[in-house]
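The structure under discussion appears below in the form of C-alpha cells.
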Amino acid sequence: MMHSWKALVLCHILWHLAIYDVSSFSPSITLPSRPSIHARHQNHHHSQTGDAHGNRLQSRIRLSVADDNNDDDDTAPDDKNLPLFIEAKDSSARSMISDIPSSLLQSIETVRQRHFSTTTTNGDASSNENLLKQLVELTNSKKSEATETLPDNCLSFQQMERVPGCIATVHVKAILIPTSDNPNVYRVLVQGSSDALLSGGLVELLSKVLVGSDTENCVTASDVLKLQPEALTTALGLQNVLTRGRNDGIASMMRVIQRQIQSLLDAQSDEGEQQFGEKNTEASIETTNANGSERKPTVAMLLSGGVDSSVAMHLLLRQNYNVTAFYLRIWLEDELAHLGECPWEDDLQVCQSVCEHAGNVTLETVSLGKEYRERVVQYTIEEAQRGRTPNPDIMCNSRIKFGCFLEYIEKAGLDFDHVASGHYARLEDVVSPSTTTNLQKRLFRAPDPVKDQSYFLCALTQKQLSKVIFPIGMYQKSEVRELANEFQLPNRNRPDSQGLCFLGKVKFDEFLASYLGNRPGDVVDAMTGDIIGRHNGLWYHTVGQRKGIGKVMFPLATAHGPWYVVAKDQGRDIVYVSNRYDEDDFARARSEFELEDIKWISGTPPLDVKGTETDAEWSEVRFDLKIRHGPKIVQGTLMLSGDGSTGNVHLDNKDGGLAPGQYVVFYQIGTLECLGAGVISEKHWAKFLQTQQNETSTGEEQELEVKR
C-alpha cells in the first residue's frame with residue numbers, strides 16, 4: 001500500500017511538471033575521432049533446477065534503480081544487486097531482443113549503467129519512482145551540456161517533425177554523420193524537443209542510445225533501421241515502468257526517426273539536391289512566408305471521434321501539416337433527449353483522447369446546433385412531410401461541414417490553408433477551360449467501392465472544394481483500419497457509425513414521429529385499387545420499401561406478398577403497394593424518371609451535353625449513375641431540358657426504387673469522376689397516379705350508375 005501511495009504521489013508531481021515548457025535539446029556526446037564498428041552481445045544463461053521445461057536460454061533485461069548518489073558512477077554494480085525489471089520469457093519478447101543489433105545492445109547497456117545504476121536491490125514501486133525521476137533529470141541535465149558541432153557533410157532535414165502517438169507534443173529530427181572510417185557509413189544523431197519533462201527525458205534517452213557508446217561501439221544508421229520500435233522499451237527495462245501511452249510514444253519516435261533515416265539515405269543515393277527535395281516532400285511539406293521564412297501549411301481538421309477522421313489527422317501530422325482539430329457539435333440532444341442517449345459527449349471524449357495521443361493537438365468545439373436545425377433538420381422534415389425521401393447527409397456536407405463551418409472560421413478570422421475531413425473521396429486540380437489559368441477541383445470516387453462517399457459530396461461547389469483535402473481518399477477501409485492499429489489510436493477498435501450523421505442511436509422513424517407525429521391513411525393495391533391496410537404517415541415509407549410494410553397491412557393481404565411500396569399520393573395520404581413490382585407493369589416507373597435541381601461540380605454542364613453549335617437543343621449523353629450511397633453503379637442516359645436545371649433519365653435496367661427527393665449522381669464513364677447531381681422529381685410517377693385516380697373515378701361512377 002505504501003508503494004502504491006508513493007507511485008500516486010509521483011504521478012501527481014509529474015503531471016504538474018508536464019505543464020512547463022522544455023527547451024529544445026540535442027544529444028551532446030564525446031565521440032572518438034575514428035570510431036570502430038565493434039560490439040559485444042552478451043547472453044545470460046540460466047539453469048533452472050526442478051523446472052519441467054529443463055534448462056533454457058532466457059534473455060533477461062535487468063535494471064538497477066535507487067541511490068541518487070551514484071548517478072555519476074560509470075561502473076556497473078554486481079549482477080546480483082540488479083533487480084529484474086523485464087524477463088523476456090515469451091517467444092515474441094525473446095525474438096524482439098535477439099533481433100536487436102549487437103551495437104545497439106551494447107549502447108543500451110552503457111546508457112543503463114551510466115544513467116540508471118543505483119544501489120537499490122528491490123524492483124518495486126519505489127524503484128520505479130526513482131527511475132521516472134531520473135528520466136526527468138535527463139531533461140534538466142541536458143540544459144547545461146554543450147551541443148556537438150555538426151560537420152558540413154552531414155545529412156538532415158531543415159526542421160523537426162512532430163511525432164504522432166505521443167502523450168505530449170514531441171518533435172524529432174534525425175541527423176546522419178559520416179563515420180571517419182567510411183564516408184558511406186553513417187552514425188545517427190537525434191535532436192528533439194518536448195513540452196513535457198518526462199517525454200523530454202525519453203527523447204534524450206533515445207538520442208543517447210542511438211548515438212552509441214563513446215568507447216569501441218558505433219551504432220550505424222543501418223543498425224537503427226533494423227530495430228523493431230516496440231523492442232526498445234523492453235530492452236531498456238522500461239516497458240512495465242512506463243504507461244502504455246509512453247511506450248507507444250517512444251515507439252512512434254523510433255518510427256519517425258527510422259523513416260527520416262531511410263529518406264535521407266535514399267536521397268543521398270540519388271546524388272542530387274533536387275532529387276533530395278523531391279523525395280522528402282511527404283516528410284516535410286513547407287510553404288514560404290512573404291519574408292522568406294518557412295512555415296507549415298495549416299489545416300482545420302474535422303474530427304468526429306471515428307476511426308476515419310482520426311487516421312486522416314495522423315496522416316496530416318506525418319506530412320508535417322500544422323493541424324488544429326475541430327469537433328462540430330450538431331447533435332439534437334435537447335429535442336431528442338426523450339428518445340435515447342445522444343452520443344455527442346462520448347464522441348467529444350474520444351476526440352480529446354485522439355488529440356492527446358497525437359501529441360496534444362489543439363481541439364476546438366464548435367456548436368452548430370442552431371444552424372443544423374435551420375439548414376438540415378428543417379429540410380428533412382419538410383421533404384418527409386411532402387412524402388419525399390430526404391438525404392440529410394448530403395445537406396450536412398454542403399450546408400454544415402463545408403458550409404457553416406467554413407463561414408465560421410472565416411468570420412472568426414482563422415486563416416487556414418486547408419480544411420480536411422475523413423471522407424472517402426479523391427480530389428484533383430485541373431486548369432479551368434474558361435480561364436486557362438485558374439485551377440478547378442475535380443471530385444473522384446474512392447478506390448474502395450463500398451466506402452466511397454463521393455455520393456454524399458455531390459452538392460459541393462468549387463468555392464467549397466477549393467480548400468478541401470481528403471487524406472484517406474486513396475485508401476481502402478481495411479488499410480485505414482491497419483493504419484489505426486499501426487498508429488495505436490485509442491479508438492482503433494471503435495465500430496463505424498451507422499445511420500444519419502445527427503441522429504446517433506435514435507431511429508429515423510422515431511425522429512420523424514417526434515416532429516411530425518402520425519397522419520393515418522390508406523394502403524392501396526396499385527393494380528386493383530383495393531384498400532388493404534392503414535399506414536400511420538406517408539413519411540414512414542419510401543418507394544421500393546419491402547421490409548416493414550407488412551406491419552401496416554391487413555392480415556389477409558400479407559399472405560399474398562411480398563409487397564413493395566410503388567408510389568405515394570401526398571394529396572390523398574395514400575401509400576400504393578404492389579405484389580407485382582418485378583413484372584412489366586412497373587418497368588417504366590422503375591427505369592425512367594424526371595430530375596430537378598440539377599447542378600454540376602464544375603459550375604457548368606459538361607460540353608458533350610450542350611449539343612452542337614447549330615443546334616440549341618440539349619444532347620442525350622450516357623453516364624455512370626449512383627441512385628443511392630453504396631457500391632452499385634448503374635448506366636443510363638440524361639437529356640437536359642429548359643435552362644439545364646431539369647432533365648429526363650433513362651436507365652438501362654430497372655432500379656429497386658426511384659423515390660422523389662433522392663439524389664442521382666452522375667459519373668463520367670471510365671474515369672470515376674463525379675460530375676454533378678440532380679433530385680428525382682414526382683413527375684416520373686405522375687402518369688401512374690393520374691391513371692389510378694381516373695380508374696378510381698370511373699369505378700365510383702360505375703358503382704353509382706348501378707345503384708341508380
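Starting from 1, each residue takes its place in the sequence as its number.
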Between the side chains of Tyr424 and Asp308, does any donor sit under 3.5 Å from an acceptor? yes

Quick test of your reading: applying salt bridge (Lys or Arg N to Asp or Glu O under 4.0 Å), list the pairs with at least one residue in residues 635-652, sequence neighbours left out, ordered by first then second residue. Arg622-Asp652

Checking Arg426 side chain against Phe444 main chain: does a donor-acceptor pair fall under 3.5 Å? no

Axial cation check for Tyr379 ring with Arg399, 6.0 Å and 45° limits: yes

Side-chain ion pair, Lys654 and Asp582, N-O less than 4.0 Å: no

Tell me if the aromatic rings of Phe326 and Phe405 count as close, with their centers under 6.0 Å from one another. yes

Tyr667 and Ser454: side chain donor to acceptor below 3.5 Å: yes

Does a donor on one side chain sit under 3.5 Å from an acceptor on the other, for Tyr540 and Asn518? yes

Regarding Gln668 and Thr671, do their side chains bring together a donor and an acceptor under 3.5 Å, going by distance alone? yes

Are the side chain of Lys467 and the backbone of Phe416 linked by a donor-acceptor contact shorter than 3.5 Å? yes

Salt-bridge contact Asp584-Arg590 (side-chain N to carboxylate O under 4.0 Å): no

Got a salt bridge between Glu371 and Arg375, using NZ or NE/NH1/NH2 to carboxylate O under 4.0 Å? no

For Arg386, is there an ion pair with Glu382 - N to carboxylate O distance below 4.0 angstrom? no

For Ser309 and Ser304, does a side-chain donor sit closer than 3.5 Å to a side-chain acceptor? yes

Side-chain H-bond candidate by donor/acceptor type, Thr298 with Asn322, under 3.5 Å: no

Arg388 with Glu383: basic N within carboxylate O range, under 4.0 Å: yes

Less than 4.0 angstrom from a charged side-chain N to a carboxylate O is my criterion; do Arg572 and Asp522 meet it? no

Taking 4.0 angstrom as the limit, do Asp429 and Arg442 come out as a salt bridge? no

Flag this pair as yes if the NZ/CZ of Arg580 is under 6.0 angstrom from the six-membered ring centre of Phe586 and inside a 45 degree cone about the axis; otherwise no. no

As a test of understanding, state which of Thr461, Leu460, Leu465 forms a side-chain contact (heavy atoms from CB on, under 4.5 Å) with Phe402. Leu460

